[in-house]
Student: 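The structure that follows is given in the form of structure tokens.
If you read the sequence from its start, that first residue is 1, and numbering goes on from there. Every heavy atom of this structure was used, including side-chain atoms; hydrogens, water molecules and symmetry mates were not.
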Amino acid sequence: MKREMTEPLTLNIYDTLTRQIAGVSSSDGESIRVYCCGPTVYRDAHVGNLRTFLLGDLVKRVLEFSGHKVKLIQNITDVGHMSDDFEEDKMLSQSKLEKRDPFAIARDYEARFHTDLAALNILPADKYPRASECIDLMIEHIKKLIAMDYAYVGDDNSVYFSAAKFASYGELSGNRLDALKPGHRYEYSEGGAKRFHADWALWKAAGNRTEMIWNTPWGKGFPGWHIECSAMSLHYLNGHVDLHIGGIDLRFPHHENERAQSNPLVQESSGNSEAVSLWLHGEHLLFEGRKMSKSAGNVVLVSDVIQKGIDPLAVRFCFLENRYRSQMDLSWASINAAYTTLQRWREKYQQWRVVGAIETSRAKELVKAMLQDFLNDLDTPRAMLKLRAVEKELELEDSEKLYIFESVDELFGLKLLKLPTRELSAELKKLLEERVAARDAKDFTRSDELREILLENGIEVRDTSAGQSWKWIRF
Ligand code: AMP
Ligand code: ZN
């Protein structure tokens, strides 16, 4: 159910460049053009990555809910993203590890990325261009930068961007050029071919590399990671980005460099000073106190959540209860608690359905207030508080509660109207079987222990003359 339309409402977000709250608007009067940095497909996305990808979904939902047209592009990085020590392409490292073709690996993880998005009810983007299929766009972009003297071909046949040529370099991240120390390795080893320490490679000469390389006017090689997003965003969004989204760690150097690469071309072609109107950055997800990352060893995947028999929308629920601009700490306890509430709401919805929805002015006001929270720099925690209050509110009739749930379900994306069924996970099935075996072996200590564990997971077991029986006490 959509809001009754009058004038489209404005979404305000915190813009990293101006460090101010600003309204998101369409620069072509047709649609709001959004670009969200996508995954590097050499491994599964963890739920931390998904917290960032959820931002694209929330922006799309709230804009569409309030009457705008949105065009959303998200890239797939399948070449050019170097490992943290800048020694090797992440795709090629994984290819060595798995002893498989890097493109085969990329396509597998890309498919899994889409499955994960669907599990969190993240709306699909309009297009997911792959870096490896946009090499021509990048070469064209680089050629123009060379012609405009923003880039040069080094002695090593790599092409570098002249950081000092771009006068406002550093404005996005607050890293000033004179404060960036010489000697620090910003991008790739370049054996002294760079003219200035803070320059970075737009295109890297192949050297010994034999895979994932392309022909260019400068010889064989492969693209830098940052040029990918400049070339793809401007091409697929027709020369301008109204809102650019990414995780906070991408602010520097990825987005700082993207801005420097994109602005000169846009300034020449359209006269606009900025290629991107607004920059939105999401803070990191921590898990049990530490930033979720492969290196920290605390990665949680959507498949881990499903394995425990929990609807992954419980993770979405947790994300919504925290503001995107704050770090948030996730734990299995918070996921479980969110799942219990979500399933209870689904049960309640099924009960309220008996009476039928009635639209009253106070119910409409509540829906409007929740939308207003989303429009106010995605204040989803406040909107969630209101949704929580609806369930318990004695003043509201069931028919009004029904109306509210049906009205806001698309906005929150929690599938509140779904039946609260629960699949028995392989893990829980094994525990049930283990308990039968423990009882058969008369190991009552173990069977009691298992009863407790199952109870914590929402399953009540009974011992009858016919053997063990069980039921869900929590969906
Ligand atoms: P990658 O696939 O490594 O290129 O990362 C994809 C996105 O996930 C980027 O926008 C990162 O900023 C973001 N990201 C990485 N780690 C986290 C985290 N722990 N919490 C939230 N976002 C993250
Ligand atoms: Zn990017």
Side-chain angles (χ1 to χ4, degrees), residues 38-57 76 90 94 97-98 105-122 247 249 282-322 324 327-343 346 413-415 418 420-435 449-450 452-459 470 472-475:
T40 308
V41 282
Y42 67 105
R43 48 134 175 78
D44 281 313
H46 54 63
V47 296
N49 301 132
L50 289 163
R51 184 187 186 204
T52 297
F53 302 146
L54 178 69
L55 280 171
D57 166 274
I76 302 287
K90 292 186 177 191
Q94 191 63 22
L97 211 70
E98 291 191 27
I105 294 175
R107 299 301 168 257
D108 280 358
Y109 286 114
E110 184 183 329
R112 289 156 76 135
F113 158 72
H114 289 299
T115 310
D116 288 344
L117 291 187
L120 259 71
N121 201 15
I122 292 177
D249 55 316
E283 257 297 348
H284 277 143
L285 177 76
L286 314 182
F287 193 77
E288 292 170 345
R290 285 185 311 151
K291 181 190 160 188
M292 182 173 286
S293 68
K294 211 173 163 186
S295 53
N298 62 351
V299 157
V300 175
L301 306 179
V302 170
S303 54
D304 296 327
V305 179
I306 294 171
Q307 177 74 20
K308 287 185 184 290
I310 299 172
D311 180 342
L313 290 177
V315 175
R316 183 182 177 104
F317 190 111
C318 294
F319 291 166
L320 291 175
E321 290 212 296
N322 290 271
Y324 77 94
Q327 282 193 347
M328 71 166 277
D329 197 12
L330 192 69
S331 64
W332 284 114
S334 57
I335 297 173
N336 269 314
Y339 186 42
T340 304
T341 309
L342 183 59
Q343 293 290 68
R346 288 171 174 168
L414 288 169
K415 298 199 176 171
K418 200 179 135 183
T421 50
R422 184 171 179 178
E423 297 281 323
L424 187 63
S425 68
E427 203 174 296
L428 292 176
K429 191 161 176 261
K430 210 165 132 232
L431 291 175
L432 283 166
E433 286 164 1
E434 230 184 277
R435 188 170 178 280
E449 224 173 69
L450 286 163
E452 282 307 307
I453 298 173
L454 286 159
L455 201 59
E456 278 165 24
N457 284 283
I459 290 181
W470 67 271
W472 290 116
I473 50 159
R474 203 175 65 219
F475 284 109

Student: Compare all side-chain heavy atoms of Tyr42 with those of Leu97 and state whether any distance is below 4.5 angstrom.
Tutor: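 Not touching, per the 4.5 Å side-chain cut-off.
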Student: Does Glu283 offer a backbone N or O that forms a donor-acceptor pair with the side chain of Arg51 under 3.5 Å?
Tutor: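 Present.
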Student: Run the numbers on Glu433 and Lys429 for salt bridge (Lys or Arg N to Asp or Glu O under 4.0 Å), then give the verdict.
Tutor: CA-CA 6 Å; Glu433 286 164 1; Lys429 191 161 176 261; 3.8 Å; yes
Student: Using modelled atom types only, decide if a donor and an acceptor are shared between the side chain of Asn336 and the backbone of Ala333 within a distance under 3.5 Å.
Tutor: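 Checked: no pair found.
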Student: For Gly413, is there any backbone N or O sitting under 3.5 Å from a side-chain donor or acceptor partner on Asn121?
Tutor: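 Side chain of Asn121 to backbone of Gly413, a donor-acceptor pair under 3.5 Å: yes, one is there.
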Student: Could you tell me the separation between the CG atom of Leu414 and the CG atom of Leu320, rounded to the nearest 0.5 Å?
Tutor: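 Taking CG in Leu414 and CG in Leu320, the distance rounds to 5.5 Å.
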Student: What pair of heavy atoms forms the shortest contact from Leu424 to Trp470, and how long is it?
Tutor: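 The answer is CD2-CZ2, 3.8 Å.
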Student: Walk me through it: do Val47 and Phe319 pass the test side chain to side chain contact (heavy atoms under 4.5 Å, CB included)?
Tutor: CA-CA 10 Å; Val47 296; Phe319 291 166; 4.3 Å; yes
Student: Apply ring pair (Phe, Tyr, Trp, His ring centres under 6.0 Å) to Phe53 and list each qualifying residue two or more places apart in sequence or on a separate chain.
Tutor: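 Applying ring pair (Phe, Tyr, Trp, His ring centres under 6.0 Å) to Phe53 gives Phe113.
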Student: How far apart are the C-alpha atoms of Leu313 and Arg346, what are their side-chain angles, what is the distance that settles it, and do they pass the side chain to side chain contact (heavy atoms under 4.5 Å, CB included) test?
Tutor: CA-CA 12 Å; Leu313 290 177; Arg346 288 171 174 168; 3.6 Å; yes
Student: Which heavy atom in Ser425 sits nearest to a heavy atom in Gly309, and how many Å separate them?
Tutor: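 Heavy-atom minimum between the residues: CB-N, 3.4 Å.
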Student: Supply the atom-to-atom distance Ile306 CD1 to Thr115 OG1, rounded to the nearest 0.5 angstrom.
Tutor: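 Between atom CD1 of Ile306 and atom OG1 of Thr115 there are 9.0 Å.
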Student: How many angstroms lie between CD in Glu98 and CZ in Arg43, if you round to the nearest 0.5 Å?
Tutor: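 Result: 12.5 Å between the selected atoms.
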Student: Can we say Arg107 and Glu110 salt-bridge, meaning some charged N sits less than 4.0 Å from an Asp/Glu carboxylate O?
Tutor: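 Looking at Glu110 together with Arg107, the answer is yes, because their closest N to O distance falls below 4.0 Å.
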Student: Taking all non-hydrogen atoms of both residues into account, name the closest pair between Cys318 and Leu330 and its distance.
Tutor: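 Taking every non-hydrogen atom into account, CB-CD1, 3.6 Å.
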Student: Testing the basics here: between Leu50 and Ile122, what is the closest heavy-atom pair and its distance to 0.1 Å?
Tutor: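 In this case the closest contact between Leu50 and Ile122 is O-CD1, 4.1 Å.
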Student: Taking all heavy atoms of Ala314 and all of Ile335, pick out the closest pair and write down the distance.
Tutor: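 So the two residues come closest at CB-O, 3.7 Å.
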Student: Can you tell if the side chain of Trp332 reaches within under 4.5 Å of the side chain of Val300, non-hydrogen atoms only?
Tutor: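 Result yes, sub-4.5 Å side-chain heavy-atom pair found.
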Student: Between Asn457 and Leu428 (side chain of the first, backbone of the second, donor and acceptor by atom type, cut-off under 3.5 Å), is there such a pair?
Tutor: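 Not at all, since once roles are kept as given, no pair shorter than 3.5 Å links the two residues.
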Student: Measuring from Leu285:CG to Asp329:CG, what's the distance to the nearest 0.5 Å?
Tutor: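 So the gap between those two atoms works out to 7.5 Å.
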Student: If you look at every heavy atom in Phe287 and Ser331, which pair is closest and at what distance?
Tutor: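 Closest approach of Phe287 to Ser331, heavy atoms only: CE1-CA, 3.7 Å.
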Student: Rounded to the nearest 0.5 Å, how far does NE2 of His284 lie from OG1 of Thr52?
Tutor: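 One finds 6.0 Å between OG1 of Thr52 and NE2 of His284.
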Student: I'd like to check the side-chain contact (heavy atoms from CB on, under 4.5 Å) partners of Ser293; sequence neighbours left out, ordered by chain and number.
Tutor: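 By the side-chain contact (heavy atoms from CB on, under 4.5 Å) rule, Ser293 matches Ser295, Ala296.
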Student: Decide yes or no on side chain to side chain contact (heavy atoms under 4.5 Å, CB included) for Glu449 and Glu452, but give the supporting numbers first.
Tutor: CA-CA 5 Å; Glu449 224 173 69; Glu452 282 307 307; 5.9 Å; no
Student: For Lys418, check salt bridge (Lys or Arg N to Asp or Glu O under 4.0 Å) against everything at least two apart and list the hits.
Tutor: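 Testing Lys418 for salt bridge (Lys or Arg N to Asp or Glu O under 4.0 Å), a comparison that skips the adjacent residues, returns Asp311.
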Student: Just so I know, are the side chains of Val41 and Asp108 near enough to count as touching, which here means a heavy-atom distance under 4.5 Å?
Tutor: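 No, every pair of side-chain atoms sits at 4.5 Å or beyond.
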Student: If we ignore hydrogens and angles and just use 3.5 Å, is the side chain of Asn49 paired with the main-chain N or O of His46 as donor and acceptor?
Tutor: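 The answer is yes, because a donor-acceptor pair under 3.5 Å joins these two groups.
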Student: How many angstroms lie between OG in Ser303 and CZ in Arg112, if you round to the nearest 0.5 Å?
Tutor: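 Answer for the OG-CZ pair, Ser303 versus Arg112, is 7.0 Å.
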Student: Within a strict 4.5 Å, meaning less than it, do heavy atoms of the Ile453 and Glu434 side chains meet?
Tutor: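 No. Closest side-chain heavy atoms not under 4.5 Å.
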